[in-house]
Amino acid sequence: MAKGKGTAFFCKECGYESVKWLGQCPACREWNTFVEEPVGKKEAPGKRGLGIQALSQGGQYERGKVRPSRLSEITIDEQDRMKTGFGELDRVLGGGIVKGSLVLVGGDPGIGKSTLLLQVCRNLAGFGRKVLYISGEESLKQIKLRANRIGAVSGEPLFLCETNLELIDTAIEEEKPDVVIIDSIQTMFREEIASAPGSVSQVRESTNLLMQIAKGRGIAVFIVGHVTKEGVVAGPRVLEHMVDTVLYFEGERSASYRIIRGVKNRFGSTNEIGVFEMLENGLAEVKNPSEYMLNGRPEDASGGVVACSMEGTRPVLLEVQALVTPTVFGMPRRTAAGTDYNRVNLLMAVLEKRCRYDLSHFDAYINIAGGMKMNEPALDLAIVMAIVSSMKDRAVDSKTVIFGEVGLSGEVRAVSMAQQRAWEAEKLGFHTCILPRICLDKMKQTGKIKLIGVENIREAIGLL
Ligand code: TYD
Ligand code: MG
């Protein structure tokens, strides 16, 4: 660290600290992310300097006296999980909000983070919890306007507009809420840090203080963090390792649905998603995303194939669309929206080599309808079938679901949780399912949905 000089360089992406400017961050390998920031003096080690364990034991701490515990001595209270009133969010959190946890909610500006958390605030207050919503971005009047939009607020959530964390700390100390919401971390600052709000050291130190508040007093803290690509503020990735749970709120601005995705969770599984829809009066849960994704699908159009992808423990049906047209330039164009471009190229190469399709004179556009982003290999077979369907201009039966991973020799490989995928398709009224043959052995034929196992793509194309 630059002692005496008073400044150091920080990576905006990951928070890596260096004495001199670097073009590439040695930690996260991003280019051109270093910014110079003043380094403030460190606090004298007082109560703030205590370790997590001492804090969670209520600060009962003497120098040189930390005692390890046996597993049997640690008790877990099931009551420790609070329901948010949104089943979709509870599942992503691993079953509810854990007491004393620190949850980071990241997302692009304007995606609906404040709206979601205000609704959570309302729900929790309705269940008799004490909630404190601290905004550093909006005035109390603006919050009131938003609250009016989302409808009746039962209970008495508290609101505070403040950005100074030392003052916020005392307010929390006084009010003793169960849940605190900080909107957003990039507006918060600590007096003893010399740099501006939103800078790497401010964001990091602010989160540190919030962590001590959460662990020390058993308060669940939600932190909103804006994701900025090339912005001047430090991104939430700087704090990902400090918090217990990281949720990302994503979605196309143009589409009304929003997905909340768990990328890190110390209290549950990751890869879970919750689906919401942005309405006139706030966010509403989408209980059945498959139905929602397939809404308005054209029947009997060539190039459209319904696939099934797993999002955590939940199967989601979606439509893979392909448009294959003769190319007018020498170089065929390929695009992939919502899925991996390189994977699409690879699958087309497999089709050329293993099935002798000549795709070099065709442009191919692949799209996951509804604006969802899916990169699961289980989509492979559906992408292949969509390409072939569009090229031959022959529609795939609209009541057929297709999934399976495609290998380089054109073989169809097993995917996980095939049974759940088939059940989901059956639930939505599909009557045929084309899937890897290997998966078929372990599955039950329920009668309602016909399961067809295929070994390679040629066999699958033969069914078209
Ligand atoms: P907001 O929660 O302010 O986003 P963030 O906190 O992530 O920056 O969301 C703002 C957007 O949501 C804005 O474009 C308006 C829209 N919106 C609705 O469509 N319906 C509503 O009921 C509300 C409150 C907002
Ligand atoms: Mg906001």
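Counting starts at 1 for both ligands and their atoms, in listed order. Residue numbers count from 1 along this sequence.
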Legend entry - Subset of ligand 1 atoms that lie under 4.0 Å from at least one heavy atom of N281: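 Answer, ordered by atom number: 22 (O).
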Legend entry - Contact atoms of ligand 1, heavy-atom distance to P109 under 4.0 Å: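 Selected atoms, number and element: 8 (O).
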Inset, instruction - Answer side chain, backbone, both or neither: which part of D183 comes under 4.0 Å from ligand 1, heavy atoms only. - result: neither
Inset, instruction - For the pair E137 and R146, find out whether any cationic side-chain nitrogen is under 4.0 Å from an anionic carboxylate oxygen. - result: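 Looking at R146 together with E137, the answer is no, because their closest N to O distance does not fall below 4.0 Å.
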Legend entry - The one among E280, H226, M278 that brings a heavy atom closest to atom 19 (O) of ligand 1: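 Residue with the shortest heavy-atom distance to the ligand atom: M278.
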We want to know whether [X] and [Y] form a side-chain donor-acceptor pair, criterion being a heavy-atom distance below 3.5 angstrom.
X	Y	answer
D393	S302	yes
S114	E138	no
T327	R333	no

Legend entry - G107 to ligand 1, any heavy atom closer than 4.0 Å: no
Inset, instruction - Mark yes or no for whether Q119, through its side chain, and L283, through its backbone, hold a donor-acceptor pair below 3.5 Å. - result: yes
Legend entry - Verdict with reasoning, T84 to D90, per side chain to side chain donor-acceptor pair (under 3.5 Å): CA-CA 6 Å; T84 59; D90 285 341; 2.8 Å; yes
Quick one: nearest non-hydrogen protein atom to [atom], plus distance?
atom	value
atom 2 (O) of ligand 1	T115 OG1, 2.6 Å
atom 25 (C) of ligand 1	R149 NH1, 3.7 Å
atom 22 (O) of ligand 1	G282 N, 2.6 Å
atom 4 (O) of ligand 1	G112 N, 3.1 Å

For [X], is at least one N or O under 3.5 Å away from an N or O on ligand 1?
X	value
K113	yes
S114	yes
L279	yes
G110	yes

Legend entry - Contact bool for atom 13 (C) of ligand 1 (protein heavy atom, d < 4.0 Å):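 False for atom 13 (C) of ligand 1.
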Legend entry - Metal proximity, S114 vs the Mg ion (ligand 2), N/O/S cut-off 2.8 Å: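 So S114 counts as coordinating the Mg ion (ligand 2), yes.
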Decide yes or no for [X] and [Y]: does some side-chain heavy atom of the first lie under 4.5 Å from some side-chain heavy atom of the second?
X	Y	answer
R343	I366	no
F362	I387	no
K113	H226	yes

Legend entry - Spacing of CD1 belonging to I402 relative to SG belonging to C308, to within rounding of 0.5 Å: 12.0 Å
